Number of protein chains: 2
Amino acid sequence: MAVASSISTRIINAVLSQKLKPGARLGEQELATLFQCSRTIVREAMVDLAARGIVIVSPRRGWYLPEVNVEMARELYDAREIIETGLLRAFARRKETLDAATLARLRLHLAEQKSALESEDVERRSYLLGDFHVCLAQCLGNQVLASKLRDLTVLTTLFTMRHQTPSDARLSYEEHAAVVDALASGNASEAEHCMCQHLGTWEAKVHLVREHDPLEKLRQALTSPKDLPPQVSRTAGVAKADEGDI
Amino acid sequence: MAVASSISTRIINAVLSQKLKPGARLGEQELATLFQCSRTIVREAMVDLAARGIVIVSPRRGWYLPEVNVEMARELYDAREIIETGLLRAFARRKETLDAATLARLRLHLAEQKSALESEDVERRSYLLGDFHVCLAQCLGNQVLASKLRDLTVLTTLFTMRHQTPSDARLSYEEHAAVVDALASGNASEAEHCMCQHLGTWEAKVHLVREHDPLEKLRQALTSPKDLPPQVSRTAGVAKADEGDI
DNA sequence: CATTCATATCTTGCATACAAGATTGAGTGA
DNA sequence: TCACTCAATCTTGTATGCAAGATATGAATG
């Protein structure tokens, strides 16, 4: 009953909302039953997501959300910093200003973020904080990079999911607002600087994960949750690990 | 007999080698016969390529290589400039130097480009000139961005295919060499500058297409080649148009 | 009791059959 | 001659069936 694109969109949104965790198994028959369609459609959605790096397949075992390790996370944050600051830098060089409608769209997005933050709607909050970056890329006029950035954002969410706290969320919101304020005042270079700093604070946390908890990898390796995704077993079990069972 | 990934790789390489032109139709049964497999496998490859933006599907009509128009080409070149100069900039900021093996890989690639250039092997020349950018991204250490960049490179090839001349190719090679020379001498900022200039010359041509030939769009719109991809009909027929039939 | 091996079961991999939309071209009527 | 209709054909869209690998279970064996 559902088309493949709606399934992949639903999965992406579920990840951004932190409703699906790294290592989660995506069974073909389960999804087919859920969406009332055949496995053919589900497989189409899985192949689509796999091409974008959002799911990985273990032959004859199943489809899984990747366990993003620290090395991969660093690459992802580097990539995002390059793309997002690059977009702002290119915008600044063009010496354009955002038109009123675009600016309104960004302000509306900020307002929604704030609302989700204050109502402590964790799922919506997580979704919006990630989606803001994609929204901004779209507003800056490059749809190609915006779509690539969405996929990167999904993957970074799979990593940060294990570490984000409410105070992190509040800080993120404020840094987002700073970017938009800078753009609104016509100072795109300042916006670039703000964004660089914003992503930098996250990227710094990536390094902290290693330094602050050198046992993390070993603990992860020795944890044995029920569905252990096989080919990434080095980092498996993380989703469970921070739920208090170690 | 073939797996889906080998089919998509073959198609990508064929585009980079300019053996497949924009607007080309990719019939499922044709490919299945060619690769001695079922349509299921072919469809898997098509869905994969579609997720990466390399093919587009016209419902119940078929799969086509996109006709990249000027607006899209500008986005693509902007995206490539952001990613490629961004990678070099990040590398420069890290103050690392390329190790000998990596440098050797780049020099070998340059030698192959030169060889293809001198032997006038057009297909290999085109492939290598595009692949160099992906190779460089890999050498700079970000596999995620390298894979995204490959897809962007395929699409820009679909655009430039109509305009590149032998002298353009020679210039590209020399600009590639300048980038590697700068990296070899430890001056990554200079490499970034070279790359920016290199991509800039191409992006400038994108604008020239419009300015230099204002009738292009009209000519394209009024051209009626045999397989007219329907949903991009505004720019259809370009592949045939520059083969001398107008 | 630990280990190994066989078997049952579950899940994905792939081919194929059929449904349904799109195109083409012949034929018909004005 | 032109426009329109309808059927034949071609191509993709989707479901399903079977093959085959992976895992789990449990009995047999040392």
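Throughout, a chain's letter reflects where its sequence line sits, starting with A, and its residues are numbered from 1. Since the model is a prediction, treat every value here as computed from it, not as a measurement.
Classification of A:Arg124 and A:Glu112 as a salt-bridged pair holds, one side-chain N sitting under 4.0 Å from a carboxylate O. The pair A:Asp48-A:Arg52 meets the salt-bridge criterion, since a charged nitrogen lies less than 4.0 angstrom from a carboxylate oxygen.
Judged by distance alone, the side chain of B:Ser147 and the main-chain N or O of B:Val144 form a donor-acceptor pair under 3.5 Å. B:Ser17 places no side-chain N or O within donor-acceptor distance of the main-chain N or O of B:Lys19, the cut-off being under 3.5 Å.
In this structure, B:Leu31 atom CG and D:dT11 atom P are separated by 12 Å, rounded to whole Å. If you take CZ of B:Arg43 and P of D:dA15, they are 11 Å apart, rounded to a whole angstrom. In this structure, the CD1 atom of A:Ile41 is 6 Å from the C1' atom of D:dT14, given to the nearest Å. Atoms CH2 (A:Trp63) and P (D:dA22) sit 16 Å apart, rounded to a whole Å. Distance A:Met46 CE to C:dG13 C1': 15 Å, rounded to the nearest Å. Put simply, CD on A:Gln29 is 18 Å from C1' on D:dA22, counting in whole angstrom units. Atom CD in A:Glu44 sits about 16 Å away from atom C1' in C:dC14, given to the nearest Å. Rounded to an integer number of Å, the gap from CZ of B:Arg61 to C1' of C:dA20 is 16 Å.
Of the side-chain N and O atoms in A:Ser38, one or more sit less than 4.0 angstrom from OP1 or OP2 of D:dA15. Using a 4.0 Å cut-off, some side-chain N or O of B:Arg25 falls inside it from OP1 or OP2 of D:dT12.
Nearer to the 5' terminus of DNA chain C, by closest-nucleotide assignment, is the contact made by A:Gly62 (compared with the other of A:Thr40 and A:Gly62). Mapped onto DNA chain D by nearest heavy atom, B:Gly27 and A:Pro59 fall at different nucleotides, with B:Gly27 at the one closer to the 5' end.
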> Could you walk me through whether A:Leu117 and A:Gln113 pass the side chain to side chain contact (heavy atoms under 4.5 Å, CB included) check?
Replying inline: CA-CA 6 Å; A:Leu117 207 59; A:Gln113 289 172 50; over 6 Å; no

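Other residues, nucleotides and ligands contribute more than 12 heavy atoms inside 6.0 Å of the CZ atom of B:Arg105. Under a cut-off of 6.0 angstrom, the local environment of CD in B:Glu30 is sparse, with at most 12 non-hydrogen atoms contributed by other residues, nucleotides or ligands.
Rotation axes derived from the C1' atoms of the five outermost pairs at either end of the helix from C:dC1-D:dG30 to C:dA30-D:dT1 lie 0° apart, to the nearest 10°.
Judged by atom type and distance alone, A:Arg60 reaches the base of D:dA20 through a side-chain donor-acceptor pair under 3.5 Å.
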